[in-house]
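Working notes, structure below.
In this chain, numbering begins with 1 at the start of the sequence shown.
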Amino acid sequence: MIGKQELLAYLRQIDEQLGKKVTLVAVGGTAMTLYGLKEATKDVDFCAQTREDWAAVHAAAKKAKSGFRLDLFREGHIYILQLPEDYASKSGLVKEQFKNLEVKLLSPIDIILTKTSRLNERDVEDIRALISKKRVDKKKLIERYELVKDTYAGSEAAFQDRFEQVLKAFF
């Protein structure tokens with residue numbers, strides 16, 4: 001498991017290897033760990049905003065000596081869901097300062113939607129923490145779901161069913 005300090009140390013290693021400014025958005029358990037909602041995550045999940053940034057971070061991560069598994073998404077396509085173009089602007093900024101990296105945290109609502117796309121037991125616990133500690137507004141969650149539901153790469157009916165389960169369980 002990877003705690004907040006280990007994540008930040010890993011990001012510093014990547015930052016040292018980068019030759020240009022890059023914005024990364026932490027997603028999944030990585031974002032939740034950096035938010036302080038989880039003690040640790042089992043892998044490292046980030047989304048780069050462009051193909052060029054993805055390539056730069058991918059190369060830098062190969063040089064980092066962490067042993068962590070990095071899942072690096074790009075352009076708002078996270079797991080099997082495409083987030084709206086404004087996903088990065090809705091993300092919060094990590095206060096840690098880096099030379100080349102700007103690190104953001106995916107918004108709680110967008111994390112919930114990405115976790116709903118899979119909805120295993122761990123995802124349910126994460127959604128519970130997000131809704132209770134980040135005071136997620138049901139109306140805003142539904143509005144965001146309406147924007148992304150058609151981008152889901154799997155069965156839209158299954159995604160809708162999981163979303164309805166989330167609403168029923170937490171609101």
Output the distance between atom CZ (Arg12) and atom CG (Leu7), rounded to the nearest 0.5 Å. 10.5 Å
Measure up the Tyr10 and Phe68 rings against each other and bin them: parallel (under 30°), tilted (30 to 60°), perpendicular (over 60°). perpendicular
Apply side chain to side chain contact (heavy atoms under 4.5 Å, CB included) to Lys138 and Phe170, showing your working. CA-CA 9 Å; Lys138 179 181 179 182; Phe170 298 109; over 6 Å; no
Within the side chain of Glu6, is there an N or O that forms a donor-acceptor pair under 3.5 Å with the backbone of Gly3? yes
Answer yes or no: is there a donor N or O on one side and an acceptor on the other, between the side chain of Ser107 and the main chain of Tyr87, under 3.5 Å? no
Is it the case that the side chain of Glu102 and the backbone of Leu93 share a donor-acceptor pair, with hydrogens and angles ignored and the cut-off at 3.5 Å? no
NZ of Lys20: more than 12 outside heavy atoms within 6.0 angstrom? yes
For Arg162 and Ser117, indicate whether the former's side chain and the latter's backbone hold a donor-acceptor pair under 3.5 Å. yes
CG of Leu24 to CD of Gln49: how many Å apart, nearest 0.5 Å? 9.0 Å
Would one find more than 12 heavy atoms of other residues, nucleotides or ligands at under 6.0 Å from atom NZ of Lys21? yes
When you measure from the side chain of Asp15 to the backbone N and O of Lys99, does any donor-acceptor pair fall under 3.5 Å? yes
Is a donor from one side chain sitting under 3.5 angstrom from an acceptor on the other, for Gln13 and Gln17? no
Sidechain-backbone polar pair: Asp123 side chain, Asn120 backbone, donor-acceptor under 3.5 Å: yes
Heavy atoms of other groups near Gln165 CD, more than 12 under 6.0 Å: yes
For Lys149 and Ala157, indicate whether the former's side chain and the latter's backbone hold a donor-acceptor pair under 3.5 Å. no
Scan side-chain atoms only and decide if Tyr79 and Asp71 contain a donor-acceptor pair under the 3.5 Å cut-off. no
Distance-only, no hydrogens or angles: does the Asn100 side chain make a donor-acceptor pair with backbone N or O of Leu18 under 3.5 Å? yes
From Leu106 atom CG to Ile111 atom CD1, the distance as rounded to the nearest 0.5 Å: 5.0 Å
Mark yes or no for whether Lys38, through its side chain, and Met32, through its backbone, hold a donor-acceptor pair below 3.5 Å. no
With rounding to the nearest 0.5 Å, note down the distance linking CG in Asp43 to CG in Leu70. 9.0 Å
Is there a path of hydrophobic side-chain contacts, each under 4.5 Å between heavy atoms of I/L/V/M/F/W/Y residues, joining Phe171 to Leu119? yes
Counting heavy atoms not belonging to Glu146, are there more than 12 under 6.0 Å from its CD? yes
